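Below is one structure, written out as structure tokens; comments come after it.
Computed from a prediction, not measured in an experiment: that's the story for all the values here. What's counted below: heavy atoms across the whole structure, side chains too, no hydrogens, waters or symmetry copies. Letters A, B, ... mirror the listed sequences (proteins, then strands); counts begin at 1.
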Protein chains: 2
Amino acid sequence: MPRMRHSRLDCSPGCAVEATLGLIDGKWKGVVLYHLLDGTLRFNEIRRKLPSVTQRMLTNQLRELEADGLLARKVFAEVPPRVEYSLTDRGRSLRPVIMALKAWGDANAALFAAPAALDAAPAAA
Amino acid sequence: MPRMRHSRLDCSPGCAVEATLGLIDGKWKGVVLYHLLDGTLRFNEIRRKLPSVTQRMLTNQLRELEADGLLARKVFAEVPPRVEYSLTDRGRSLRPVIMALKAWGDANAALFAAPAALDAAPAAA
DNA sequence: CAGTATCCTATTAGATACTG
DNA sequence: CAGTATCTAATAGGATACTG
């Protein structure tokens, strides 16, 4: 069972930066958080938004986010089963962070598309 | 030689979130970027700010940041050698992102100190 | 001072199959 | 539908020693 991620607390004061990063890294956490900003989603709804995530990975990432108090998991005793994921207050408080990441990514999309565009690109603010 | 990190581009539109994250994850990149926001630093100056980083890791992280166009490495032909690291314009454009990460981390410091404080804590905005 | 070079371990992530 | 369970591959990260 994959528990125990980097503690990353052996710094300061940049420590806070790494601590926050530690909660939202993991290959899919950022996107998951991003999509949940729009509201509650079921397991397979999230999955459909992440074309190449495996079931196992998505479960892991969701469990870690839950363990970190960023999202809530609500299981409905139905057949077929239904599980809904939504952000907690703490999770929602990450909105500015997520949006800052997204804004920069959008502004620098060229960087990701063409690695060689480094010199040419205008380095958008 | 550790090259080739996750491409993370198989999403959308949360893609931008992961793309940005991909550039600043790595166990030390966030802090390095943070410290360089204050100005140019030499190799060992950075190292001193990161008590437990190894020489190898710091070098790796710095090289990746450089390859991603976020920082510039300036070598002085002196004895003893001197190498200065500073943010590029693109690196500086990450300031809002880094500061958002830091702000959240500071506001939620309790979360990192005591993992059990999840319920009690007030979930600062 | 600012790295390289090796070697080795731990953590992450993917594939695949099965289940309440 | 929403997971588990295994097994394995890839990657990140650390320890240590050496060098221009």
* Structure fact -> Quick tally for nucleotides 15-20 of chain C: nucleotides whose base has a protein heavy atom under 4.0 Å get B, sugar-phosphate-only ones S, the rest -, giving B----B
Nearest-angstrom distance from the residue atom [atom1] of [X] to [atom2] of [N]:
X	N	atom1	atom2	answer
R73(B)	dG3(C)	CZ	C1'	8 Å
N60(B)	dA5(C)	CG	P	12 Å
I46(B)	dG3(C)	CD1	C1'	13 Å
N44(A)	dG3(D)	CG	C1'	10 Å
L50(B)	dG13(D)	CG	P	13 Å
L62(B)	dT4(C)	CG	P	10 Å
L58(B)	dG13(D)	CG	P	13 Å
K27(A)	dT11(D)	NZ	C1'	10 Å

Please enumerate all residues that pass side chain to side chain contact (heavy atoms under 4.5 Å, CB included) together with [X], with sequence neighbours excluded.
X	result
A100(B)	V97(A), A100(A)
V75(B)	R73(B), V83(B)
R82(B)	R42(B), F76(B), E78(B), E84(B)

Sugar-phosphate, base or nothing in reach of [X], heavy atoms under 4.0 Å:
X	value
R42(A)	sugar-phosphate
E84(B)	nothing
Y85(A)	sugar-phosphate

* Among residues two or more places apart or on two chains, list those pairs meeting salt bridge (Lys or Arg N to Asp or Glu O under 4.0 Å) that have a residue in residues 94-105 of chain A. =>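 Checked against salt bridge (Lys or Arg N to Asp or Glu O under 4.0 Å) - neighbours excluded - the pairs reaching residues 94-105 of chain A are K102(A)-D106(A).
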* **For L58(A) against V53(A), the heavy-atom pair lying closest together** =>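 Between these two residues, the closest heavy atoms are N-CG2, 3.8 Å.
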* Asked: What nucleotide among dT4(C), dT4(D), dA13(C) has an atom nearest to a side-chain atom of R63(A)?
  -> dT4(D)
* Which nucleotide sits closest to the side chain of R82(B): dG3(D), dA2(C), dG3(C)? -> dA2(C)
* Structure fact -> Its dot-bracket string being built from Watson-Crick and G-U pairs below 3.5 Å, with | for another strand and [ ] for crossing, DNA chain D has the pattern ||||||||||||||||||||
* Structure fact -> Sequence neighbours excluded, the answer for side-chain hydrogen bond (donor to acceptor under 3.5 Å, both in side chains) partners of N44(A) is none
* Give a yes or no on whether the backbone of L70(A) and the side-chain of T88(A) come within a donor-acceptor separation of less than 3.5 Å. =>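 Here the side-chain-to-backbone pair exists.
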* For V31(B), does its backbone N or O pair with a side-chain atom of E18(A) as donor and acceptor, under 3.5 Å? -> yes
* Tell me, which pairs form a side chain to side chain donor-acceptor pair (under 3.5 Å) where one or both residues lie in residues 32-41 of chain A, sequence neighbours left out? ->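 For residues 32-41 of chain A, and leaving out neighbouring residues, there are no side chain to side chain donor-acceptor pair (under 3.5 Å) pairs at all.
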